[in-house]
Amino acid sequence: MLEVAPALLGCVVVHGDCAGVIVETEAYHFTEPACHAYVGVTPRTEVLWGPPGVAYIYRSYGIHALLNAVCEPDGVGAAVLIRALEPLWGVELMRARRRGAAGLTNGPGKLTQALGIELTEHRSSLLTGPIQICAGDPLPYVTGPRIGITKAVELPWRFCAVGSRDVSRPWPPGLLGAARG
DNA sequence: CATGGGATTGACT
DNA sequence: GTCAATCCCATGC
């Protein structure tokens, strides 16, 4: 999972006529309390404990749909949150879905809205389903603490592509690890 | 069955 | 910088 999260940077998410390059991810593992799978196997978290390559989509704050990729083998609860994309195809459609708001895909709730991804695609395959993740060239990246959580804040499990202007939030230069990849 | 807490965003001071 | 909107589901009675 800590290998999959940075490896997803540079890969392409395709949904319908829209696509974008992943430039920001976060890793979640059942052994730490920020992960939904921390509570064990429930109807909600069952997918996280299943086989990899499946979409885990849930509603956040009653408003936004957030897209994750299940990434550990069957029996291990873990996923990678897709936090930001660089728009690739279907920009006009994305703009329409975002109703002109600034920032098309630079946030986990924004990118699902721009691509038209909804809760109905929960549990669908990311290889053969309506949402597909295609391999891309690896990108250099930096790590840092995850955004917007209240538990396990200290884990540096956020991965950002170096130099992308589509990351969900900027960070103070010099505070994070050096570029890798 | 009632309640509380979010892996967020956009609008506003 | 602050704050409300709003749905799902885990938890506790």
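As a basis for the values below, the full set of heavy atoms in this structure was taken, side chains included, without hydrogen atoms, waters or symmetry mates.
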Novice: Provide the closest heavy-atom pair for Ala69(A) versus Ile133(A) in the form atom of the first, atom of the second, distance.
Specialist: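 Nearest pair, atom of Ala69(A) first, then Ile133(A): CB-CD1, 4.5 Å.
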Novice: Does Ser125(A) use its side chain to pair, donor to acceptor, with the backbone of Thr128(A) at less than 3.5 Å?
Specialist: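 Pair found, side chain donor or acceptor close to backbone of Thr128(A).
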Novice: Decide whether a cation-pi geometry holds between Arg146(A) and Tyr28(A); the criteria are a distance under 6.0 Å from NZ or CZ to the six-membered ring centre and an angle within 45° of the ring axis.
Specialist: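 Positive - Arg146(A) is close enough to the ring of Tyr28(A) and near enough to its axis.
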Novice: Do Leu85(A) and Val23(A) have side-chain heavy atoms sitting under 4.5 Å apart?
Specialist: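 Counting from C-beta outward, Leu85(A) and Val23(A) never come under 4.5 Å.
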Novice: At under 4.0 Å between heavy atoms, which parts of nucleotides 1-13 of chain B does protein reach? Answer with one letter per nucleotide, 5' to 3': B base, S sugar-phosphate only, - none.
Specialist: -----BBBSS---
Novice: Report the C-alpha separation of Tyr38(A) and His29(A) in whole Å, then their side-chain angles, then the decisive distance to 0.1 Å, and conclude whether the side-chain hydrogen bond (donor to acceptor under 3.5 Å, both in side chains) test is met.
Specialist: CA-CA 7 Å; Tyr38(A) 184 71; His29(A) 194 261; over 6 Å; no
Novice: Is it true that Tyr58(A) and His36(A) have ring centroids separated by less than 6.0 Å?
Specialist: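 Yes, the ring centres sit under 6.0 Å apart.
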Novice: Would you confirm whether Glu32(A), through its side chain, and Ala34(A), through its main-chain N or O, come within 3.5 Å as a donor-acceptor pair?
Specialist: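 Between the backbone of Ala34(A) and the side chain of Glu32(A) there is a qualifying donor-acceptor contact (under 3.5 Å).
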Novice: If a pair means Watson-Crick or G-U wobble with both distances below 3.5 Å, what does DNA chain B look like in dot-bracket form, with | marking bases paired to a different strand?
Specialist: ||||||.|||||.
Novice: Does any N or O in the side chain of Gln132(A) come within less than 3.5 Å of the main-chain N or O of His15(A), such that one atom is a donor and the other an acceptor?
Specialist: no
Novice: Charged N to carboxylate O below 4.0 Å: is that the case for Arg123(A) and Glu46(A)?
Specialist: yes
Novice: Where is the tightest heavy-atom contact between Ala37(A) and Trp49(A), given as atom of each residue plus distance?
Specialist: O-CZ2, 3.2 Å
Novice: Using chain A heavy atoms and a threshold of under 4.0 Å, write down where along DNA chain C the contacts begin and end, 5' to 3'.
Specialist: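 Reading along DNA chain C, I get dA5(C) to dT11(C).
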